[in-house]
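Note sheet for the following structure.
Protein chains get the first letters and strands the later ones, always in sequence-line order, with residue 1 at the start of each.
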Amino acid sequence: AQSVTQLGSHVSVSEGALVLLRCNYSSSVPPYLFWYVQYPNQGLQLLLKYTTGATLVKGINGFEAEFKKSETSFHLTKPSAHMSDAAEYFCAVSDRGEYGNKLVFGAGTILRVKS
Amino acid sequence: DAGVIQSPRHEVTEMGQEVTLRCKPISGHNSLFWYRQTMMRGLELLIYFNNNVPIDDSGMPEDRFSAKMPNASFSTLKIQPSEPRDSAVYFCASSPSNAIYFGEGSWLTVV
């Protein structure tokens, strides 16, 4: 069975500082991995995904994540935080089942950006 | 593309009433998912369909919950009777293959 652990339920950074949100996964099959962002009172928006190929994945809004199989990690980074990045971020792993991708989500990390 | 469309966006209902949440997936997507989000339990998968057929409903909390997908462009999630502990945000999502796209959610409050 798949599972996701997001380290740190809350992360606070200063505007312009590096953003690092941690995600570790467990999967019995080669995983598909995802990061989603949720702004207050809104749905989940796909930031980026890893399926196969290049392990460094670039997404929207300047975010990127690197799949590290040896560490079973898929950490999300952004070189310079903006105030508009304040939101909740969810890492997810897919079971790549026969009928499509059933996602298992982590508990989420709330990112606060200080001015 | 219009994205996944959910209705109603907000609903307040009294305990014991029937609640029906509706979803229109993105055209061409063959998988549809219903998730529930609460502070206590986070995001939980309730049920998912592939080509309109329910594949896994193990996340449906109890018999008061039911979901249907009569065609490729419409799905419903019904709660009957509703209880205060059903208060949550219910998300519908659809997928073509290797990514899942969410609607804006239906905010349900049962009083």
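The environment of CD in B:Glu14 is sparse: at most 12 heavy-atom neighbours from other residues, nucleotides or ligands sit within 6.0 Å. Residue B:Arg64 places its CZ atom among more than 12 non-hydrogen atoms of other residues, nucleotides or ligands, all under 6.0 Å distant. No more than 12 heavy atoms of other residues, nucleotides or ligands shown are found within 6.0 angstrom of CG on B:Asp63.
In this structure, B:Phe91 and A:Gln38 approach most closely via the heavy-atom pair CZ-NE2, 3.4 Å. The heavy-atom pair separating A:Leu44 from B:Phe102 by the smallest distance is O-CB, 3.5 Å. Contact detail for A:Leu103 and B:Tyr35: the closest heavy-atom pair is O-OH, 3.2 Å.
Between B:Arg9 atom CZ and A:Asn41 atom CG the span is 8.5 Å, to the nearest 0.5 Å. Here the straight-line distance linking atom CD1 of B:Ile100 with atom NZ of A:Lys49 works out to 11.5 Å at 0.5 Å rounding.
A:Phe34 and A:Ile60 end up in different hydrophobic clusters when Ile, Leu, Val, Met, Phe, Trp and Tyr side chains are linked at under 4.5 Å. Residues A:Tyr36 and A:Leu33 do not share a hydrophobic cluster, clusters being chains of Ile/Leu/Val/Met/Phe/Trp/Tyr side chains in contact below 4.5 Å. Both A:Tyr50 and A:Trp35 sit in one connected hydrophobic cluster of ILVMFWY residues. Membership requires side-chain heavy atoms under 4.5 Å apart, directly or through other members.
Of the two parts of B:Asn51, neither the backbone nor the side chain holds a non-hydrogen atom closer than 4.5 Å to a non-hydrogen atom of chain A.
Side-chain contact between A:Phe105 and B:Gln37: absent, with no pair of heavy atoms (C-beta onward) separated by less than 4.5 Å.
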